[in-house]
Structures are given as C-alpha cells and as structure tokens.
Amino acid sequence: MILATMGEMTLKGQNRKAFENTLLKTLRRRAAGLGSWRIHAAQSTIYLRPLDDEAAAHTRTLYARCEKVFGIAALTTAAMCEKDLAAICNTAAAALAGQLAAVSTFKVRARRADKTFPQNSPDIAREVGGFLLSAFPHLTVDVHTPQLTVVVEVREDAAYVHGGKQKGAGGLPVPSSGRAAVMLSGGIDSPVAAWMMAKRGLALVAVHFASPPYTSPRAAAKVCALADILTEWCGPLPYYHVPYTACQEYLRDALPKQDYFTVVMRRSMLRITRLISEKEQCDAIVTGESLAQVASQTLQAIACTDDAQSLPVLRPCIGMDKNEITALARSIGTFETSILPYEDCCTIFTPPHPRTRPRLADVLALEEALPRLPQLEAAAAEAAEFSLRMPQN
Ligand code: ATP
Ligand code: MG
C-alpha cells in the first residue's frame, strides 16, 4: 500500500476538509485504470490500499503518479499488518527484505498512536530491531546515521511498516486556489511558471500563440508536448492554440514606431489571454517573465504590459536566475522538450533595438494609431482552437 502525508493544507483549520477532499479526488482520478483502490484520509495521512491483484501489481505506477500530486508532503510504500508484535516483526522482515539486504546499518523508529497497544515505542523499536538483527545477521544498528530507518507506526486501525518517507511534490492540491490562464510558450520559463503556480493549488488553462507560417507545426507540437508533461502534475489541462498571424502582421505593417513592437505585441497577447480567461472563468494570468531577462521584462516594460488589462499577472519566475529556472525545468521534466530548437512567435518581426524603457504614454498613443487591433484580437480569441490535454502515464 501507499502512505502519504498531507502538507501545508493541514494548517488550514476550518477549510481543511475541503482541501482534503480535493486531494482525495485527484488521487482517485490518478488511480483510475490501475485496478481497485481504497483511498481515504485520517488525521494528516492518506491511505491508498490496493483491493485486488491488479491494483497491487500497479503499486509502483501509482506511487510514481503520487509523487507528482501537489498537496502531498511525503510518501512511502508500506506494509500493513495486525497490531501484534510478532506480526509486526514478520511483516518488517518480509516487506523490507530487499532494502535490508542492500544496507549494512539500520535502526528502527516506532510510533504508537494507539496508546492501548501493550508495548511503548522504545519497546517496539527494541523488539523489532532485535528480530531483524537475527533475521539479517549482516546488519548492525546505527542510531545516528543509519543507511535505512525502519519505521513502525501503530495506528488505531492497524500497524504499518515502511522504510521511511520520501519528499513529495508539496504545495496545495489543485484546484484549491482558483483558476488562471498560463501563457505557455515553447521556452524554458513558462512551463516552470505554470508548474510553480499549479503547486500553489491553481487550476490552469494553457494559452499558446502561434503565427503560421512564420512559426511551424513542429513548434506548435512542441508546446503541446510541454502541456502534456504539465498534466502529470496538474491533471487535465484545457489548451487554447491562438492563431496570432493577423495581429502580428498588422503590428509589423501599421505600428509607427517599431522599437515599440515587442511591448505593444505583449499587451495585445495579454488582452487576448484575458478574453479567453473570461470564457474559462480564470481570475489571473501566469507568465514566465523574469526581471530584466530580456528587453520586454524590464520594470518599465512590465508596467506597460500590466496596464493592458485588469486581471492580476502572476510571474513566479520574476526573481529567479536562468540557472535556477533551468534546474527546476530539469527536475519537473520539461527541460529536454523546451530546448528543442523551434521558433516562437515572440521572436519573429522583433526590431533590432527594442525599447528597454518604454513609456506608457507613448504606448497608448501608438495604440491609438492601430484602429483595427481590437477587432483582430477579438477574432484571434474567437478562432482559438481548444483541446483538452490529458495525462499519458
Ligand atoms: P519562455 O522561456 O517562457 O518562452 P522567455 O524568456 O522566452 O520565456 P519571452 O519570449 O519574452 O520570454 O516571453 C515572456 C513570457 O510571455 C513567456 O514566459 C510566456 O509566459 C509568454 N509567451 C511568450 N511567447 C508566447 C507564446 N508564443 N504563447 C504564449 N505565451 C507566450
Ligand atoms: Mg520565449
């Protein structure tokens, strides 16, 4: 079976039950197709128990999925047995045989939540430790830095034995914090930004802008692949592919000052994302911007983009170095896809010297000179192609 510890959500007082139900719902969905599982919560632990052979055979698969579920602070596979010292000793020896054979030092840590259990925690630890020493003569006990800690938990319903919990994904269960539209490019930063906000419990809707024929179908497929990787963390992901060519060509041809091209284009992308947000009931927009990384991410440029529409723009990468963002991209599994060398619409028609300190007054005056822009933006939002990305494994 699998034992998972709930994280920060246990601090939520009154609302804790709602967070817990959200997490249980996610876990039950992730267990679908893996046999029959009983999944329930008690105190701050979630118990996932296989009810048939098919489920038992899929324990590793479900475990790997649980590692990517936000709201879980720590997890382990565990064996369950009746609350009897002999049963606990035998279960520990059998269930952890592989792990015990692979190490030379260990210790036993016992926890007794059921105070009616006859032995106290130190007694349980001593008994189980002694039993394992005689069953695995190559072992020695090291209480300070053991290679393996055997954990015995005597709870209300049963006893549980495992080899120590590993760190889970952390954060809050999706969708406990609301819903936001993430502007997803094929780059390194925006998938990381999406992941960071999903970790805080936001349900996401992905919005991607493409400008064919300047951007290729392969570039679009790459962004879909990134969205698919994100679904393993955040669940089914509504995805909008926005045809942006007409807007972009209009800006290229009609914008009087080309050094303002990037900032005006970014404002236009945000307005379109806002239109999709209204339809999808999103209350914020997420981007992968990082302060001063490029010309469009200076404080002045950000001020100009923020003015384009009224939803809050969440930029979780804003204070991160590229190295830090890259490390995170590697650990969440998006990096290898992000570095595939396809073009993005943000990098076409860009002026050789974009304004690093655009002035909002100038931006507003320039947009006055672009009468067709609102209509083109509405048409792009309207023509956006919808698909629902689903977790593959
Ligand atoms: P990324 O690595 O996420 O592409 P970046 O450093 O390349 O970011 P920009 O190209 O300036 O920076 O884009 C800034 C942000 O704007 C991106 O993080 C993303 O949120 C959004 N964005 C850029 N291009 C697109 C696109 N084609 N579709 C949707 N959003 C985009
Ligand atoms: Mg980019």
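Numbers here simply count residues along the sequence, with the first being 1. We count ligands from 1, going down the list as the structure has it; atoms in each ligand are counted the same way.
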**Report entry** Mutual orientation of the aromatic rings belonging to Y244 and F209 [parallel < 30°, tilted 30-60°, perpendicular > 60°]
**Finding:**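 Plane angle over 60°, so perpendicular.
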Query raised in the report: Which class fits the ring pair W233 and F70: parallel under 30°, tilted 30 to 60°, perpendicular over 60°?
Result: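 Judged by the thresholds at 30° and 60°, the geometry between W233 and F70 is parallel.
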Can you check which of [options] brings a heavy atom nearest to [atom]?
atom	options	answer
atom 9 (P) of ligand 1	M265, H241, Q297	Q297
atom 19 (C) of ligand 1	K322, Q293, H208, M183	M183
atom 21 (C) of ligand 1	M269, R266, E289	R266

Atoms of ligand 1 less than 4.0 Å from [X] heavy atoms?
X	value
G288	17 (C), 18 (O), 20 (O)
G187	1 (P), 2 (O), 4 (O)
S296	11 (O)
T287	20 (O)
C345	27 (N)
V207	29 (C)

Within 45° of the ring axis of [Y] and under 6.0 Å from its six-membered ring centre, is that where the NZ or CZ of [X] lies?
X	Y	answer
R38	Y47	no
R112	F117	no
R330	F335	yes

Report task. Using modelled atom types only, decide if a donor and an acceptor are shared between the side chain of Q281 and the backbone of E278 within a distance under 3.5 Å. Result ->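 No, because the side chain of Q281 does not come within donor-acceptor range (under 3.5 Å) of the backbone of E278.
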Report task. Verify, without hydrogens or angle tests, whether T298 (side chain) and V294 (backbone) share a donor-acceptor contact under 3.5 angstrom. Result ->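 No, because the side chain of T298 does not come within donor-acceptor range (under 3.5 Å) of the backbone of V294.
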Query raised in the report: Judging by distance only, is a nitrogen or oxygen of I188 under 3.5 angstrom from one on ligand 1?
Result: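 N/O-N/O distance under 3.5 Å: yes.
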Query raised in the report: Does any N or O atom in P191 lie less than 3.5 angstrom from one in ligand 1, N or O only?
Result: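 No, P191 has no N/O under 3.5 Å of an N/O on ligand 1.
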Closest non-hydrogen atom pair, [X] against [Y]:
X	Y	answer
Q293	K322	NE2-CD, 3.4 Å
A384	Y240	CB-CD2, 3.9 Å
F106	V150	CD1-CG2, 4.2 Å

Quick one: look at [X] and ligand 1, take heavy-atom pairs under 4.0 Å, and tell me if it's side chain, backbone, both or neither.
X	value
C346	side chain
D189	both
V182	neither
T347	neither

